Amino acid sequence: MAGGFSGAAWSRIRFLDGPVCDGCGVPFEYDPGARCGACLAKPRAFDAARAACIYDEVSRDPILKLKHADRLDLAPMLARWISRSARELIEEADAIAPVPLHPLRLLRRRYNQAAEIARPLSVLTGTPYLPDALVRRRATATQAGRSGSGRKRNVAGAFEVPEARRKQVEGLRILLIDDVLTTGATAEGCARALKAAGAARVDLAVVARVQAVAGLTI
């Protein structure tokens with residue numbers, strides 16, 4: 001067992017070791033170029049993205065245990081996954097920042113799973129950690145079950161860099177950390193807020209990315 005995984009479970013995790021889209025991290029069956037058609041047609045607010053694995057019935061187990069079952073011991077393992085998949089983005093980053101939770105949700109959950117992953121990733125890579133440079137100023141409803149456009153509306157204007165924290169991000173290349181990438185609406189909202197505060201570049205690194213949203217609980 002490693003990180004709570006049996007050998008059989010490890011062999012079933014779909015790690016993204018092959019070519020991926022530089023813009024959103026979606027895997028390619030072969031390497032057709034730097035960006036997928038969707039990213040070429042409509043570039044994201046974040047500059048590049050990487051995911052360690054595909055979000056499916058195997059990989060979601062440790063992610064949901066960290067998120068909802070107080071399994072904070074799994075966070076360092078997930079950080080190591082990101083350290084491999086996002087190696088190039090980490091090397092270029094000036095700082096690491098987690099996708100924030102609204103204070104009311106943080107009070108209920110007692111911790112932010114993105115922060116729990118970002119903190120050991122900072123220690124592992126030696127990249128400075130900015131735990132509170134970005135805040136969620138509006139309590140949004142859950143994103144689960146919403147369409148892509150619905151997710152964008154739900155988080156519109158929800159994130160900001162407080163005035164007192166702007167100097168922490170001005171001119172810097174920020175690596176945003178989250179657990180799962182679905183439509184990218186949350187990450188784009190965060191990227192827009194960081195860039196509005198003067199960040200030079202915002203990249204995204206997640207544990208897993210969704211290929212098909214239907215039927216999977218996040």
Side-chain angles (χ1 to χ4, degrees), residues 1-30 36-39 44 46 48-87 89 98-99 101 105 108-121 124 140-152 154-155 176-188 190 204-218:
M1 302 282 285
F5 279 96
S6 66
W10 268 107
S11 67
R12 293 169 55 208
I13 296 175
R14 298 169 62 191
F15 286 109
L16 296 176
D17 298 323
V20 299
C21 170
D22 185 56
C24 68
V26 69
F28 292 141
E29 292 185 9
Y30 62 95
C36 69
C39 286
R44 306 275 189 152
F46 47 83
R50 295 293 184 275
C53 63
I54 292 295
Y55 186 80
D56 58 18
E57 68 278 359
V58 182
S59 66
R60 71 174 173 172
D61 183 61
I63 292 170
L64 292 184
K65 283 180 177 177
L66 169 63
K67 191 170 186 175
H68 298 300
D70 297 341
R71 288 293 307 275
L72 302 183
D73 59 298
L74 294 172
M77 177 187 74
L78 301 180
R80 288 193 298 273
W81 291 8
I82 289 178
S83 74
R84 292 192 295 269
S85 61
R87 182 176 60 256
L89 300 184
V99 169
L101 289 180
R105 184 166 295 177
R108 290 195 297 269
R109 190 176 291 173
R110 294 177 290 110
Y111 60 89
N112 175 2
Q113 74 278 2
E116 294 302 320
I117 297 168
R119 190 182 306 110
L121 181 65
L124 181 64
T140 57
T142 178
Q143 293 281 63
R146 295 177 185 269
S147 65
S149 59
R151 285 171 179 252
K152 288 182 179 180
N154 189 42
V155 298
L176 189 65
I177 303 298
D178 205 359
D179 52 355
V180 179
L181 172 62
T182 308
T183 65
T186 296
E188 290 198 86
C190 291
L204 172 68
V206 299
V207 177
R209 64 159 293 123
V210 171
Q211 276 193 315
V213 177
L216 286 179
T217 302
I218 299 175

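Treat the numbers as computed from the prediction; the structure is a model and nothing was measured.
- With rounding to the nearest 0.5 angstrom, the CG atom of L66 is 11.5 Å from the CG atom of D61.
- Side chain of R80 to main chain of L124: no donor-acceptor pair is present (N/O by atom type, distance under 3.5 Å, no hydrogens or angles).
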### Query
Can you check side chain to side chain contact (heavy atoms under 4.5 Å, CB included) on R209 and T182, steps first, answer last?
CA-CA 6 Å; R209 64 159 293 123; T182 308; over 6 Å; no
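- Residues L16 and A51 approach most closely at CD1-O, 3.5 Å, considering heavy atoms.
- Salt-bridge annotation for E116 and R119: present, with a side-chain N of the basic residue lying under 4.0 Å from a carboxylate O of the acidic one.
- Atom CG of residue D70 and atom CZ of residue R109 lie 10.5 Å apart, to the nearest 0.5 angstrom.
- Contact detail for A69 and Y111: the closest heavy-atom pair is N-OH, 4.1 Å.
- For the pair R44 and T183, the tightest heavy-atom approach, listed with the atom from each and the gap, is NH1-O, 2.7 Å.
- Of all non-hydrogen atoms in V20 and P27, the two that sit nearest each other are CG1-CA, 3.9 Å.
- Expressed to the nearest 0.5 Å, how far CG of L181 lies from CG of L176 amounts to 10.5 Å.
- Here I82 contributes atom CD1 and L89 contributes atom CG; the two are 11.0 Å apart, rounded to the nearest 0.5 Å.
- Of all the heavy atoms in L121 and A79, the pair that sits closest is CD1-O, 3.4 Å.
- Checking side-chain atoms of S59 against main-chain N and O of I13 turns up no donor-acceptor pair under 3.5 Å.
- Pairing each heavy atom of C21 with each of C36, the nearest pair is SG-N, 3.1 Å.
- Of the possible donor and acceptor atoms, none in the side chain of Y55 sits under 3.5 Å from a partner among the backbone N and O of V207.
- Distance NZ/K65 to CG/L78: 11.5 Å, rounded to 0.5 Å.
- The structure places CD1 of I63 at 10.5 Å from NE2 of H68, a figure rounded to the nearest 0.5 Å.
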